[in-house]
Q: 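Input: one structure, supplied below.
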Amino acid sequence: MPEEKRSKVGTINAAYPHMVQSPPRVCIGSIVSPSPPDQEVPQRDLELEETPMELGGEQGRWEEERLKTASLSFGAKREREQGMRREQERYQLILEEEEMIEFVSTAMTMKGTRTEEVGFTLVSSSSLFIVVPHISFQEALALSQAELKKQSMQEVRRSLPIFPYREDLLAAINQHQILVIEGETDGYTKGGMKIGCTQPRRVAAMSVASRVAQEMSVKLGNEVGYSIRFEDCTSERTVLKYMTDGMLLREFLTEPDLASYSVVIIDEAHERTLHTDILFGLIKDIARFRSDLKVLVASATLDTERFSCFFDDAPVFRIPGRRFPVDIFYTKAPEADYLEACVVSVLQIHVTQPTGDVLVFLTGQEEIETCCELLQERCRRLGSKIAELLVLPIYANLPSDMQAKIFNPTPPGARKVVVATNIAETSLTIDGIIYVIDPGFCKQKSYNARTGMESLIVTPCSRASANQRAGRAGRVAAGKCFRLYTAWAFKHEMEETTVPEIQRTNLGNVVLLLKSLGINDLIHFDFMDPPPHETLVLALEQLYALGALNHLGELTKLGRRMAELPVDPMLSKMVLCSEEVLTIAAMLSVNNSIFYRPKDKVVHADNARMNFVVPGGDHLVLLNVYTQWLESGYSTQWCYENFIQFRSMRRARDVRDQLEGLMERIEVEVVSSQGDSLPIRKVGETRENLANGGYKTVKHQQTVYVHPNSSLFEEQPRWLIYHELVFTTKEFMRQVARGA
DNA sequence: GAGCACTGC
């Protein structure tokens, strides 16, 4: 019995009890374990896991049985590694029932058109209207987009989910809905008044605007336009303006009462992005004195109560959504090794299910790469025994040309498997997906306000998220969703909804923005879900330390300027120094690593990165990278040759240009420090070197370490300045510079 | 000697 494997189970168990009540499945040959006895399995710690006999009684016997199963599995694994021939024999068994994961259908189906109560909640309290379509505007448009290809515009319009309710809706709010606008926006767009509609994502703002312009037969940018960072596609004629939620938030700085808007629509409200949540508070506030302002909140969940309640019991108007039914399957017993379970499930679907592509949700790049490798390897070994299986990864950091591959149509006779991160949950839609495999995990950011440390941790996802994933199987036809956890776990162990971002993130930026809008009492600001008290306090403390707030908590002149710059307060302060710092701040604010590091070319990538190292630390390395890129003429080819992410660099350039423009506006002169690197270093806290390679933070006396990817990892100078603190396997300082 | 989910200004 391999001890290390068992303790690993213990480790996972401690973190995610619901996932690990069974021994790990390590190969296709492992046998589905019997159901546990009726009583609930107590949460066990590492020690208990290693001495299961101590549990005693029925529970103990059950544990013992299961550990035997585990050892059988490991035995099988060793056997499997012995030779190709055996391997072949095993795989021939792939179709045999006991070789497969046992799924149970719980008669649970995400219902299609007729029965699902989804739709709008249109609500009005004197000045306030809330529309909560359980199918979002964006979703409705995406659905109709597919039909646009085969039908006339008129037919498509009729086929929109909202169409049958249009009259009621129009009557109820006495105006015209964005979805069904047919040029009758007059009443709300007289005298230069606009309708604004926010989306959480840039592409959504652009594509919805483009579609509506098409519907209204106007040129995009005229009556209908969009506004996103780095790109303003509106004109004086624009009456219907689509934008990102963050963009509207910034508009508060120049127009605190949104005087030029007669209607504001917040779409995809259920996503609860940080910006959406702040908008809620601000809009609720201005709606009190702007009785002419109409507010519409659109959400795709059934949880309309929360929204209605927050907006003083605004009424709710429902419109049924439209989606194909999705059958939900759960595993009979929990799966400890979900990566292996994914691979088995994909093959199972491939061999036993009719045509249709598969979408697998994993948590990150590494997992996705491993999963793709495993799938490809097994397909190769199975050879002509199975039909062709196209395995395609997708995650945000994947270069664009490789991302594009997932949209290629599947050749006849083959099946496509897309292995994705959460990017496929909301940000992009892939045609032809019929099967979804959901292990039930995602990577989530969390923020510890006591230490000011962020961490990115794999956590079980929420039921809302799981349902969103399942819904991805029902876009083109009836689909199936295979959940790699039990129905019991879904019901009892997963959270209803994902914790809103506002409760999981550093709020330095937001606090500075609210302060500059004249909101002094942040503790009593009307948040739909308030952030932790400590988060607000720490943000205030840090702003005070940076000189953005005075001892009374009032905004200083510096603070006012800092609020204009759309970067972290630490960076906006730094930017008010020298030209080089502008570049460095832009590079630091691109939070993705600019260094591309694919698994199969790790050595090349690391060598390429070494070539950029200069003395002084990571900030100067970043400056060096940017300068060389500039000298190459912002070349794509240059990026490719040097294992640099072109997208991140282009973004850094955009941010840099924007900051430079804003600096002019707030009348701060951009001066070059003429090769003197000192001003660059005025960031972060200083640490003193400890014997064990760790450092102690000056402020909290906390032990932290240099990140191994840093250019100063080997050097370890006595004093260090760091840009951010991140917890992964240890407390790491990322982006460090040599102290004085 | 680690590993960055996804957005957004």
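Per chain, numbering begins at 1; letters A, B, ... match sequence-line order. Everything numeric here is computed off the predicted structure, so don't read it as measured data.
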Q: Rounded to the nearest Å, what distance is computed from the CE atom of residue A/Met206 to the C1' atom of nucleotide B/dG8?
A: 15 Å
Q: Touch check for A/Phe713, heavy atoms < 4.0 angstrom, all strands: base, sugar-phosphate only, or nothing?
A: sugar-phosphate
Q: Quick one: is B/dC9 close enough that its OP1 or OP2 comes under 4.0 Å of any side-chain N or O from A/Thr244?
A: yes
Q: Between atom NE2 in A/His707 and atom C1' in B/dG1, what is the gap in whole Å?
A: 9 Å
Q: Could you tell me whether A/Lys730 contacts a base, only the sugar-phosphate backbone, or nothing, with contacts defined as non-hydrogen atoms closer than 4.0 Å?
A: nothing
Q: In whole angstrom, what separates A/Arg272's CZ from B/dG8's C1'?
A: 17 Å
Q: Across the strands shown, which category fits A/Glu425 at heavy-atom distances under 4.0 angstrom: base, sugar-phosphate, nothing?
A: nothing
Q: Under 4.0 Å, heavy atoms only, any strand: does A/Ile423 hit a base, just the sugar-phosphate, or nothing?
A: sugar-phosphate
Q: Quick one: which of A/Leu249, A/Leu536, A/Ile519 gives a side chain to side chain contact (heavy atoms under 4.5 Å, CB included) with A/Leu514?
A: A/Ile519
Q: Would you mind classifying the nucleic acid contact of A/Thr421 as base, sugar-phosphate or nothing, using non-hydrogen atoms under 4.0 angstrom?
A: sugar-phosphate
Q: Of the listed nucleotides (B/dC6, B/dA2, B/dG8), which one gets closest to any side-chain atom of A/Asn709?
A: B/dA2
Q: Round to the nearest Å and state the distance from A/Arg504 atom CZ to B/dC6 atom P.
A: 14 Å
Q: So, the side chain of A/Thr238 versus the backbone of A/Lys241: is there a donor-acceptor pair under 3.5 Å, distance only?
A: no
Q: Can you tell me the distance, in whole Å, between the CD atom of A/Gln735 and the C1' atom of B/dC4?
A: 11 Å
Q: Whole angstrom is fine here: how far is it from CD in A/Glu501 over to P in B/dC9?
A: 13 Å
Q: Provide, to the nearest angstrom, the distance between the CG atom belonging to A/Leu456 and the P atom belonging to B/dA5.
A: 7 Å
Q: Between A/Tyr226 and A/Ala209, which heavy-atom pair has the shortest distance, and what is it?
A: CB-CB, 3.9 Å
Q: Is the shortest side-chain heavy-atom distance between A/Met243 and A/Cys197 below 4.5 Å?
A: no
Q: Tell me which nucleotide among B/dC6, B/dA2, B/dC4 gets nearest to the side chain of A/Ser427.
A: B/dC6
Q: Does some side-chain heavy atom of A/Met587 sit less than 4.5 Å from a side-chain heavy atom of A/His619?
A: no
Q: Could you work out which one of B/dT7, B/dA2, B/dC4 sits closest to the side chain of A/Pro708?
A: B/dA2
Q: Please figure out whether A/His275 or A/Asp606 has its closest DNA chain B nucleotide nearer the 5' end.
A: A/Asp606
Q: If you compare every side-chain N and O of A/Arg202 against the phosphate oxygens of B/dC9 (OP1, OP2), does one of them come in below 4.0 Å?
A: yes
Q: A/Arg250 CZ to B/dT7 P: how many Å, rounded?
A: 20 Å
Q: Pick base, sugar-phosphate or nothing for A/Ile228, based on heavy-atom distances below 4.0 Å to the nucleic acid.
A: sugar-phosphate
Q: Name the nucleic acid region contacted by A/Asn422, choosing base, sugar-phosphate or nothing; use a 4.0 angstrom heavy-atom cut-off, strictly under.
A: nothing
Q: Please tell me if the side chains of A/Tyr695 and A/Pro717 come closer than 4.5 Å, counting only heavy atoms from C-beta onward.
A: yes
